[in-house]
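Both backbone and side-chain heavy atoms feed into the values below; hydrogens, waters and symmetry mates do not. Both ligands and their constituent atoms are indexed starting at 1 by order of listing. All of these numbers come straight from a predicted model, not from anything done at the bench.
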Amino acid sequence: MSLIKHDFTVAVCPGSFDPVTNGHLDIISRAADIFDKVIVTIANNSSKTPLFSVEERKQLLTEVTSHLPNVEVDSFSGLLITYISKKQANVIIKGLRAVSDFEYEMQMASINHKLNDKIETFFMMTNPKFSYLSSSIVKEIARYDGPIADLVPDAVESAIKAKLKENKPI
Ligand code: PNS
């Protein structure tokens, strides 16, 4: 099966997005330039204790992608590949920051290919200016009252500050 044969390409960009960073937004907006539709989907993964609820993460993602008309925000539980089939999507988009991301992402791409070889994983190199950036790093800086304005969209900065005011451990 060739991607070119699809009249309408739907890409799914999965992740925890706890919270969405400027690095995520860079990948999402570049994917939105390439594919007809991009579904940014939040994994409802019970093994992690998130700072933001799925609903809060959804609201933030919706707000920061509102200028991208072909981007939709959603969430899922269970296997990503099952969700992708349900959405009739063709492609999984993953951002790669550094070689350290590669091993894990290759394992994920390989297992997803084994589970459904009709769905392709596409990797995009993160803009080098975001190569050090992750949601965990943002939370770590915020926890110690450091500046995060250049790392996340304004709405996310405000939401993290609000969590700090609530004395929510981050
Ligand atoms: O932002 P993250 O935490 O690196 O995202 C990881 C995510 C959610 C993309 C990955 O854990 C995932 O796909 N989870 C769903 C379960 C699944 O399908 N796992 C792969 C096969 S075992």
Side-chain angles (χ1 to χ4, degrees), residues 9-32 34-35 37-65 68 71-127 129-143 148 151-153 155-157 159-160 163 169-170:
T9 49
V10 181
V12 167
C13 191
S16 302
F17 303 105
D18 185 40
V20 56
T21 68
N22 287 345
H24 293 130
L25 205 47
D26 170 60
I27 296 288
I28 295 166
S29 50
R30 284 160 57 202
I34 298 167
F35 297 97
K37 178 165 149 186
V38 175
I39 305 173
V40 182
T41 191
I42 301 160
N44 198 347
N45 180 350
S46 55
S47 69
K48 287 187 184 175
T49 311
L51 173 61
F52 292 100
S53 69
V54 170
E55 225 19 74
E56 288 170 328
R57 282 179 270 165
K58 236 179 177 173
Q59 272 171 24
L60 286 171
L61 269 166
T62 304
E63 186 171 342
V64 305
T65 58
L68 302 168
V71 171
E72 175 179 311
V73 179
D74 195 17
S75 61
F76 74 103
S77 307
L79 284 179
L80 175 62
I81 215 78
T82 311
Y83 171 83
I84 300 224
S85 301
K86 238 186 269 169
K87 288 282 167 182
Q88 297 185 305
N90 331 104
V91 169
I92 300 169
I93 295 286
K94 287 297 191 84
L96 283 181
R97 286 166 298 196
V99 178
S100 50
D101 283 341
F102 182 78
E103 202 171 336
Y104 172 76
E105 293 300 346
M106 188 176 157
Q107 187 184 20
M108 285 296 132
S110 306
I111 193 70
N112 284 329
H113 181 79
K114 167 119 187 71
L115 293 170
N116 186 340
D117 64 5
K118 302 279 185 288
I119 291 163
E120 295 288 349
T121 300
F122 276 38
F123 291 105
M124 293 177 72
M125 290 311 301
T126 298
N127 184 321
K129 70 181 180 193
F130 301 128
S131 61
Y132 57 86
L133 189 50
S134 68
S135 300
S136 309
I137 285 286
V138 168
K139 287 182 277 189
E140 177 90 1
I141 297 170
R143 185 180 304 135
I148 54 167
L151 311 180
V152 290
V156 175
E157 186 188 11
I160 291 179
K163 289 276 179 201
I170 60 176

Classify the contact between [X] and ligand 1 as side chain, backbone, both or neither, using a heavy-atom distance cut-off of under 4.0 Å.
{"X": "Tyr83", "value": "neither"}
{"X": "Ile111", "value": "side chain"}
{"X": "Ala43", "value": "side chain"}

- Query: So does Lys129 pair up with Asp26, basic N to acidic O under 4.0 Å?
  - Reply: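 So Lys129 does not pair with Asp26 through a salt bridge.
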- Task: Could you pull out the closest heavy-atom pair between Asp18 and Pro50, with the gap in Å?
- Result: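 Distance-wise, the nearest heavy atoms are OD2-CA, 3.2 Å.
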- Query: What are the two closest heavy atoms between Cys13 and Val38, and how far apart are they?
  - Reply: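 Nearest heavy atoms, Cys13 then Val38: CB-CG1, 4.3 Å.
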Can you tell me the protein heavy atom closest to [atom] and the distance?
{"atom": "atom 5 (O) of ligand 1", "result": "Gly15 CA, 3.5 Å"}
{"atom": "atom 15 (C) of ligand 1", "result": "Gly78 O, 3.6 Å"}
{"atom": "atom 1 (O) of ligand 1", "result": "Ser16 N, 2.9 Å"}

- Message: Test your reading of the model: is there a side-chain donor-acceptor pair from Thr21 to the backbone of Val152, 3.5 Å cut-off?
- Response: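 Here the side-chain-to-backbone pair does not exist.
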- Message: Main chain of Phe130, side chain of Arg97: is a donor-acceptor contact present, judged purely on distance under 3.5 Å?
- Response: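 Judged by distance alone, no pair lies under 3.5 Å.
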- Query: Do any nitrogen or oxygen atoms of Leu80 come within less than 3.5 Å of a nitrogen or oxygen of ligand 1?
  - Reply: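 Indeed, backbone or side chain, Leu80 has an N or O that close.
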- Asn112 to ligand 1: N or O pair under 3.5 Å?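 Such a contact does not occur with ligand 1.
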- Can a protein heavy atom be found under 4.0 Å away from atom 21 (C) of ligand 1?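 Given the 4.0 Å limit, the answer for atom 21 (C) of ligand 1 is yes, a protein heavy atom qualifies.
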- Message: Is atom 17 (C) of ligand 1 touching the protein, meaning some protein heavy atom lies under 4.0 Å away?
- Response: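 Flag for atom 17 (C) of ligand 1 set to true, protein heavy atom closer than 4.0 Å.
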- Query: Does Met106 CE have over 12 foreign heavy atoms under 6.0 Å away?
  - Reply: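 Open.
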- Query: Looking at Tyr104, which atoms of ligand 1 are within less than 4.0 Å of one of its heavy atoms?
  - Reply: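 Matching atoms, with element in brackets: 11 (O).
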- Message: Under 4.0 Å from a heavy atom of Phe76: which atoms of ligand 1 are those, numbered in the order shown and with their elements?
- Response: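 In order of number, 15 (C).
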- Task: Among Val71, Val40, Val73, find the one that has a side-chain contact (heavy atoms from CB on, under 4.5 Å) with Thr62.
- Result: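 Among the candidates, only Val73 passes.
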- Query: Looking only at heavy atoms of Ser135, does any of them come nearer than 4.0 Å to an atom of ligand 1?
  - Reply: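 Under 4.0 Å: no for Ser135.
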- Query: Phe17 near ligand 1, heavy-atom distance under 4.0 Å?
  - Reply: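 Outside the 4.0 Å threshold, so no.
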- Query: Would you say the side chain of Tyr132 lies within less than 4.5 Å of the side chain of Leu151, judging by non-hydrogen atoms?
  - Reply: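 Of all side-chain heavy-atom pairs linking Tyr132 with Leu151, at least one is under 4.5 Å.
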- Query: Is there side-chain contact between Val10 and Gln88, with heavy atoms separated by less than 4.5 Å?
  - Reply: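 Answer no - side chains too far apart.
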- Can you say whether the rings of Phe102 and Phe123 are parallel (under 30°), tilted (30 to 60°) or perpendicular (over 60°)?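 Phe102 and Phe123: tilted rings.
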- Best match, Met108, Gln107, Lys94: closest heavy atom to atom 9 (C) of ligand 1: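 Nearest heavy atom to atom 9 (C) of ligand 1 lies in Lys94.
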